[in-house]
Amino acid sequence: MAKNPMELKWQEIPLGFVWHQPKSSLNNHTGSWRSERPIWDEQHCIRCGVCALFCPEACIRTDERGYFHADLDYCKGCSICAHECWTGCIKMKPEEA
Amino acid sequence: MIEQYNVYAAKLLPPEELFASGHKACQGCAPALALRYLMKALGPNTIVCNATGCMEIVSSAYPDIAWGVPWIHVAFENAAAVASGVESGIKILQRKGKLAPGRINVVAIGGDGGTFDIGLQALSGMLERGHNAMYLCYDNEAYMNTGIQRSSGTPFGASTTTSPAGKAIPGQKTVKKDLLEIGVAHQIAYAATACTSYPFDFMEKVKKAFSYDGAKLIHILAPCPTGWRTNPGEVIKHGRLAVQTGMFPLYEVDHGRYKMSMDLPFLKPLKMYLSPQGRYRHLSEEQIAIIEANLKARYAKLQALCRITAEV
């Protein structure tokens with residue numbers, strides 16, 4: 001699709017919409033919803049991966065040393081990771097305006 | 001060597017995300033988590049038929065889609081019927097040699113409204129005809145997408161916008177429909193309950209379901225912080241408490257043989273589960289005692305069924 005789909009007029013939208021690009025929601029940066037961001041304390045992190053397991057956004061990934069970090073483009077700040085962390089090494093820090 | 005053991009480590013899960021980031025679910029959405037686990041268990045060789053509901057809306061907001069597998073949106077009432085058609089189509093194409101032989105997983109997904117209320121006849125048809133497909137019902141216990149209306153999956157006493165707690169009624173007046181028993185009554189290959197707080201249990205159940213031919217039904221409890229009036233960060237804890245208090249027992253029915261996935265020696269007090277949730281805030285001690293007596297009777301019945309069917 002050459003034209004940006006958000007700029008189509010309603011007559012130009014095909015009946016029965018078909019998505020041609022899988023996982024195109026990656027263009028949709030939901031990080032702007034966040035009011036708190038998770039901060040990992042690497043001194044106490046045991047790299048178990050429970051935070052990544054329970055993340056509904058699938059935005060927590062490992063870095064090259066095996067520590068976990070949230071992709072702040074997508075993190076909505078739900079704080080599941082902070083509640084589920086076994087060692088309590090994740091703290092939620094309010095976003096500054 | 002390691003393939004012979006079930007190793008439950010979060011780091012050993014496949015890293016590929018087939019339900020991608022950027023979907024528009026609320027903060028702390030456990031149904032989105034359920035779909036993430038489903039796709040981790042099934043892998044890319046899957047076709048998903050999704051009934052209208054929260055998970056259809058949030059994953060396919062125009063013009064983006066969060067799915068990395070073939071996915072079709074269908075109306076509320078016919079997700080199971082479309083999955084039946086997809087499964088039959090694959091079978092015919094493979095018989096005619098137009099499609100490479102091999103297993104393609106077909107999954108129908110519906111919410112509790114789309115399964116318990118509206119899609120029940122299509123689901124019954126799919127289970128009765130024995131299509132080689134799985135129906136996944138993610139149960140957040142009301143019509144959350146349209147603004148928390150009661151469904152027949154809403155438990156007794158829960159306050160929703162169409163069963164508001166007040167002087168006249170104590171929230172939902174009827175008990176939750178037992179979906180899995182309806183599935184088991186069709187004598188299907190595999191039926192199970194799961195909860196998003198126990199992801200490995202759920203993924204094992206999905207894999208086990210697809211090791212059988214025939215219709216499969218999985219009913220997963222997925223707490224909704226918006227509709228349950230809870231803190232988004234505590235949805236995993238609430239799901240765990242739902243299982244540990246016996247409100248939502250985890251069990252599987254494998255060819256008619258009942259088995260508890262977690263056989264609890266004692267149940268936690270129900271108040272631990274009910275009190276943090278805003279939708280149960282109005283319940284009196286007597287009403288909680290009635291609910292607790294009912295769920296204990298149901299739990300004892302399940303344990304008895306496990307004992308009886310193990311001998312048959």
Is the backbone N or O of B:Met55 less than 3.5 Å from a side-chain atom of B:Tyr138, with the two atoms forming a donor-acceptor pair by type?
yes
Heavy-atom distances under 4.5 Å only: say whether B:Ile65 touches chain A with side chain, backbone, both or neither.
both
Quick check on A:Ala58 against chain B: is it the side chain, the backbone, both or neither that has a heavy atom closer than 4.5 Å?
both
Relative to chain A, which of B:Pro199, B:Pro70, B:Pro15 shows the most heavy atom pairs under 4.5 Å?
B:Pro199
When heavy-atom pairs shorter than 4.5 Å are enumerated against chain B, which of A:Glu57, A:Met92, A:Gln21 gives the highest number?
A:Glu57
Which region of A:Ser25, side chain (C-beta onward) or backbone (N, CA, C, O), has a non-hydrogen atom less than 4.5 Å from a non-hydrogen atom of chain B, or is it both or neither?
both
Interface check, chain B: of A:Ser79, A:Pro56, A:Cys81, most non-hydrogen pairs under 4.5 Å belong to A:Pro56
For the residue pair B:Trp67 and B:Ile72, establish whether any side-chain heavy-atom pair is separated by less than 4.5 Å.
no
Taking every heavy-atom pair that is under 4.5 Å apart, which of B:Ser59, B:Pro225, B:Ser60, B:Ala34 has the most such pairs with chain A?
B:Ser60
Contacts of residues 24-32 of chain B with chain A (heavy atom under 4.5 Å):
B:Lys24, B:Ala25, B:Cys26, B:Gln27, B:Gly28, B:Cys29, B:Ala32
Heavy atoms, side chains only, cut-off 4.5 Å: are B:Lys268 and B:Arg240 in contact?
no
Within 6.0 Å of NE2 in A:His44, more than 12 heavy atoms from elsewhere:
no
Is there a donor-acceptor pair under 3.5 Å between the side chain of A:Asp73 and the backbone N or O of A:His29?
no
Does a side-chain heavy-atom distance below 4.5 Å link B:Cys195 with B:Met262?
no
Checking heavy atoms, do the side chain of A:Arg61, its backbone, both or neither come under 4.5 Å from chain B?
side chain
Decide yes or no for B:Tyr37 and B:Ile220: does some side-chain heavy atom of the first lie under 4.5 Å from some side-chain heavy atom of the second?
no
What part of A:Cys55 lies closer than 4.5 angstrom to a heavy atom of chain B: side chain, backbone, both or neither?
both
Check for me whether the distance between the ring centres of B:Trp71 and A:Trp19 falls short of 6.0 Å.
yes
Under 4.5 Å to a heavy atom of chain B? For A:Tyr74 that would be side chain
Non-hydrogen side-chain atoms of B:Leu33 and B:Val235 separated by less than 4.5 Å:
no
Beyond-backbone contact of B:Trp228 with B:Glu234, side-chain heavy atoms, under 4.5 angstrom
no
Got more than 12 heavy atoms from elsewhere within 6.0 Å of CZ, B:Arg281?
no
